[in-house]
Amino acid sequence: MAGTMPKRGNPPIQGEMLQGTLDLLILKTLAIGPAHGHSIAHAIERRSDEVLQVEHGSLYPALHRLEDRTWIASFWGTSENNRRARYYRLTPAGRRQLTEQTSRWDELVRAINGILRPATD
Amino acid sequence: MSLFRFLRRRHWDDERARELESYLAIEMDENVARGMAPEEARAAARRKLGNPTRIKEEIYQMNTIGFLDNAWRDLKYGARLLRLNPGFAAVAVLSLALGVGANTAIFQLLDAIRIRTLPVEDPRSLVEVRIDTKEGRTGMFSGRRPMLTYALFERIREQQQAFDGLAAQGTIRLNMAASGEARNASGLWVNGDFFTTLGVKPFLGRVFTAADDRRGCSAPPFVASYGFWQRELGGDPAAIGRTVVFERHAYELVGVTPPRFFGVEVGRAFDVALPLCSEPLSRVESGLERRDLWFLSVFGRLKHGWTTERASAQLATISAGIFQSTLPDKYRPDDVKNYLAFKLAAFPAGTGVSNLRRDYETPLWLLLATTGLVLIIACANLANLMLARATAREREIAVRLAIGASRGRVVSQLLAESLLLSAIGGLGGVLVAQWLSRFLVDLMSTESNRMFVDLTVDWRVFAFTGALAVATCLIFGLTPAVRATDAEPAMAMKAGSRGATDTRERFTLRRGLVIVQVAMSLVLVVGALLFVRSLRNLLILDAGFRQDGMLTVNLDLRGTGIPEVGRRHAFSELTERIRGLPGVERAAEAFIIPVSGSGWNNRVVLDGTARKENVNFNSVGPDYFRTMATPMLAGRDFTEADTPGRGKVAIVTEQFAKTFFDGQSPVGRTFQIEEGAGVDRPVYTIVGLVKDAKYTDLREEFTPIAFVAATQEAKPDPFLQIVLRSQAPLTTITSEVAAAVASMQPASVLVFQTMNSVVKESLMRERMMAMLSGFFGLLAGLLATIGLYGVMSYMVERRKNEIGIRIALGADRGAVVAMIMREAGTLLLAGLIVGGVASVGAAHWARALLFGLGPGDPATLAAAATALALVAIMASYVPAWRASRLEPTEALREE
């Protein structure tokens with residue numbers, strides 16, 4: 001998302017996704033409940049009907065960054081198929097971020113739509 | 001990114017590695033579930049994740065504080081470089097430790113003597129109360145800081161409004177031995193409120209209260225310093241209540257002061273404090289009664305909201321009344337006029353009071369400047385070495401710059417090495433300083449006058465040392481680092497390849513450094529020579545007496561109970577007995593020992609007219625002049641026949657004759673000593689003339705001195721002082737004398753001092769300056785020589801090719817030597833010229849400390865310049881000679 005300041009040294013987020021969008025998607029995914037990196041990646045792909053292909057590698061720096069900002073917290077747990085996995089959950093600060101960023105995303109979409117499809121009526 | 005994560009990067013690295021592993025495992029599980037073979041499943045999972053190392057690196061970067069990370073890496077690199085060059089590292093650390101240590105030691109002393117506040121409660125609100133001028137006071141002065149009389153202190157205490165409390169103290173040397181050789185403690189007489197006013201809490205027991213200090217006290221208590229309690233009472237807590245004898249009176253210990261409290265006089269530590277009311281017990285004539293006996297210094301604790309100015313104003317309003325009501329009765333009219341015009345004032349005393357400041361402040365600042373110069377010279381040497389090293393790495397640096405390293409990064413990497421050096425050197429300096437400052441304190445102390453300076457390292461010393469270390473690092477590290485990265489990469493790479501000779505301007509900085517070094521060390525060598533020659537002038541001057549083989553014996557006969565009328569006889573007997581001892585050549589009574597610091601002066605009345613010139617007096621026995629080896633010029637010496645009943649006789653010096661009789665023979669003339677109204681003035685007939693002699697100080701011009709006959713004094717005090725001349729070893733003679741005195745007067749107390757140590761004490765400051773400036777001058781000369789040698793060797797090294805070609809083309813080897821020596825000579829000459837001008841200017845600061853020669857003394861300047869030039873020429877001859885021995889083929893093949 002355009003509003004989030006990129007940190008120095010961070011490479012731009014891969015693919016055609018807008019910068020910061022990945023963060024928003026992670027936050028949204030975690031809003032449902034704690035999840036580990038692998039399931040987050042798959043959840044994003046599944047819920048976007050495979051339109052958004054997350055490069056799984058880029059997920060981890062993003063998770064690290066979000067944890068650094070204390071928007072998410074992590075703990076070690078056991079996955080569905082009994083593997084040790086690092087789980088992430090949303091913190092209260094993360095929840096506030098999610099609300100805020102969602103509304104800004106809506107604004108952005110409205111603005112872009114306003115340009116792409118001017119009201120005809 | 002938090003510092004916390006930065007410091008735990010390794011942990012986070014592992015954490016991420018495990019997380020990525022777990023991803024791969026889960027993905028692989030799923031792939032297998034979809035029906036892939038395990039190998040294939042793993043490969044697919046890896047493909048999906050991407051390059052794990054890259055991911056980890058990305059996260060690692062996020063956890064990094066770039067600046068810190070770089071600094072750490074640079075330091076490690078610097079340390080590695082230093083380990084590779086242990087010789088260079090050792091020289092650098094050693095010279096820095098010496099330089100920083102010397103500076104810190106001197107600063108530590110200045111801090112302790114001049115800057116630091118007293119270890120008392122709220123030192124800033126402490127002021128000293130005294131008369132606002134030191135001139136014009138007459139009467140008797142006793143102790144180290146005789147500012148007020150007891151009568152004045154009492155009136156001030158009654159009438160002042162500015163202070164919450166007043167603390168008064170007088171100093172005295174207290175003898176603890178009942179007989180035999182004296183054992184002294186440094187004592188204070190203090191008023192009852194002394195400790196409470198200063199806010200000094202007892203370490204043990206209690207401090208004085210007003211109840212301890214009541215006039216006429218007969219069984220007074222005493223308070224010991226922590227040091228005295230440790231030394232004399234074994235640090236025993238049960239010592240409270242024990243009695244100790246001072247000056248033949250028993251005092252009971254009631255308390256011990258804390259370890260850090262040394263009194264209010266910086267440079268001295270008190271041993272014991274006695275209540276002021278006990279002063280009459282240890283003094284023949286009590287200062288509590290005599291209104292013209294100055295022996296107290298008084299301190300006040302300002303009331304809340306009062307300033308020093310306001311306190312002075314209040315003191316000024318009560319001054320007139322106080323001086324009127326305390327007027328000493330024996331004063332002459334002009335003394336009375338002076339006395340009544342005095343005004344009391346308050347002076348800040350938060351940093352304590354000290355006689356050391358007057359004597360040592362200028363020398364210490366001068367020494368600090370000296371050590372500062374030494375440090376700069378050492379830095380210049382290091383800068384030269386660093387330059388040489390940077391030049392050797394020129395190509396490497398050029399490559400790094402060319403492939404995109406930022407100049408800042410390269411400079412900081414080069415700086416890291418100097419930073420390490422100065423940090424280690426600074427730490428070493430602190431250690432050197434601890435040792436050196438103690439040595440300096442010992443240098444300023446003598447057996448009879450122990451100097452005490454609290455040398456604990458406070459934040460000021462730390463800040464000073466730290467700043468010094470950083471400054472040195474910048475001086476010797478930054479310039480070479482900046483210069484090394486200055487060159488155009490392409491140029492540097494080309495120049496290093498096959499250049500025949502070096503460009504001239506690449507040497508400019510190094511030449512400049514050598515010139516500065518030579519100049520500065522000339523300043524220091526000139527300074528050292530000036531001080532050493534001053535000391536020598538003082539030591540060889542004709543003082544009017546010969547100090548070698550002379551011993552002074554001070555006898556305290558108060559314990560013997562000889563009645564006043566019998567003293568004269570007993571004194572003569574004792575002197576006679578000592579004179580007859582086998583090891584003693586001559587002996588005589590002397591009231592005042594020359595240059596010991598004590599004195600007795602007054603004015604004389606000639607033919608009924610009072611003369612304004614000051615005359616120094618002494619009261620001596622027969623044979624005094626022969627004992628002192630002062631030549632008798634005319635007339636006769638005193639004899640035993642000069643008894644109290646006969647007409648008073650005197651012997652005077654040439655200067656006396658010059659001042660009062662126009663240089664004509666004074667023998668047979670008469671004078672009177674000026675006395676207050678109502679005191680009779682006996683007429684003294686001059687019977688002899690002697691050569692001039694120094695009186696209070698070796699540095700003074702000869703003053704008029706009049707000697708009166710000790711044998712004519714009818715009622716002497718119970719103290720006898722004898723000077724004797726002997727070639728026997730000191731211990732033999734002191735035990736002989738002590739035994740002789742003990743057999744005649746067992747209850748007497750003796751103090752011995754050689755005349756040599758009296759003179760030495762009077763020249764303590766001169767000795768210190770000569771010794772230290774001499775040492776630093778040598779060090780500076782040595783460093784500058786090394787610097788010149790280094791630069792010349794380096795230049796020869798860089799010009800090997802050129803020199804090789806010259807020799808190959810038939811240049812005379814002598815010509816090569818001459819060429820290099822010309823080069824060195826130019827630098828030397830430039831340095832000497834700059835240094836010569838600078839030292840004449842700098843020496844003016846030291847003018848007051850010189851004796852017998854001026855600051856611009858041409859002989860000194862010439863000697864210093866010659867010495868320095870000789871050493872420097874020798875040092876540069878080595879590389880020149882080496883250059884002339886070059887094998888042209890080898891020199892040309894080398895690159």
Side-chain angles (χ1 to χ4, degrees), chain A residues 4-15 17 19 22-23 26 34-46 50 52-89 93, chain B residues 1-36 38 41-70 73 406 409:
Chain A
T4 56
M5 284 289 288
K7 290 203 72 163
R8 194 172 144 239
N10 292 349
I13 284 174
Q14 293 282 155
M17 270 203 258
Q19 197 176 22
L22 182 61
D23 291 3
I26 293 171
H36 53 78
H38 184 265
S39 65
I40 295 171
H42 281 281
I44 293 173
E45 284 172 359
R46 212 166 40 246
E50 316 285 326
L52 296 174
Q53 285 292 328
V54 180
E55 195 195 334
H56 291 202
S58 68
L59 190 69
Y60 288 93
L63 284 169
H64 186 82
R65 184 170 54 241
L66 291 174
E67 191 177 6
D68 218 33
R69 295 177 190 168
T70 70
W71 294 346
I72 60 175
S74 67
F75 57 94
W76 283 95
T78 315
S79 75
E80 312 79 57
N81 36 21
N82 265 333
R83 291 278 185 187
R84 291 280 293 162
R86 197 175 179 85
Y87 276 77
Y88 294 89
R89 62 177 173 76
Chain B
M1 211 288 313
S2 61
L3 187 64
F4 175 71
R5 284 227 176 137
F6 171 62
L7 296 174
R8 301 198 57 205
R9 274 182 303 180
R10 222 171 271 274
H11 166 79
W12 281 104
D13 236 19
D14 288 350
E15 200 68 348
R16 292 305 159 196
R18 280 167 63 201
E19 189 173 10
L20 294 179
E21 272 310 310
S22 128
Y23 171 91
L24 287 175
I26 294 171
E27 182 70 20
M28 210 177 96
D29 285 350
E30 283 183 9
N31 288 346
V32 171
R34 280 189 209 113
M36 287 190 197
R42 184 155 188 92
R46 278 195 172 282
R47 269 198 305 279
K48 193 140 194 183
L49 182 65
N51 183 350
T53 313
R54 221 207 66 223
I55 297 167
K56 280 197 294 191
E57 260 176 13
E58 196 176 313
I59 292 170
Y60 186 88
Q61 275 297 320
M62 288 163 70
N63 276 340
T64 293
I65 304 175
F67 159 72
L68 274 180
D69 200 39
N70 287 342
R73 217 172 305 156
S406 81
R409 283 289 295 121

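All values below were derived from every heavy atom in this structure, side-chain atoms included, with hydrogens, water molecules and symmetry-related copies excluded. Order of the sequence lines fixes the chain letters, A, B, ..., with proteins taken first and strands second; residue numbering starts at 1 for each chain.
Separation of atoms NZ (B:Lys48) and NE2 (A:His42) is listed at 4.5 Å; rounding is to 0.5 Å.
Both the backbone and the side chain of A:Arg84 come within less than 4.5 Å of a heavy atom in chain B. Proximity to chain A (any heavy atom under 4.5 Å) is restricted, for B:Leu20, to the side chain, taken from C-beta onward. Neither the backbone nor the side chain of B:Glu21 comes within less than 4.5 Å of any heavy atom in chain A.
When each of A:His38, A:His64, A:Arg86 is checked for a side-chain contact (heavy atoms from CB on, under 4.5 Å) with B:Glu19, only A:Arg86 meets the rule.
Considering only residues two or more places apart in sequence or on other chains, B:Arg409 meets the side chain to side chain contact (heavy atoms under 4.5 Å, CB included) condition with B:Asn70, B:Asp74, B:Ser406, B:Ser412. Residues satisfying the side-chain hydrogen bond (donor to acceptor under 3.5 Å, both in side chains) criterion with B:Arg47, sequence neighbours excluded, are absent altogether.
Between B:Ser22 and A:Ala85, the shortest heavy-atom distance links the atoms OG-CA, 3.5 Å.
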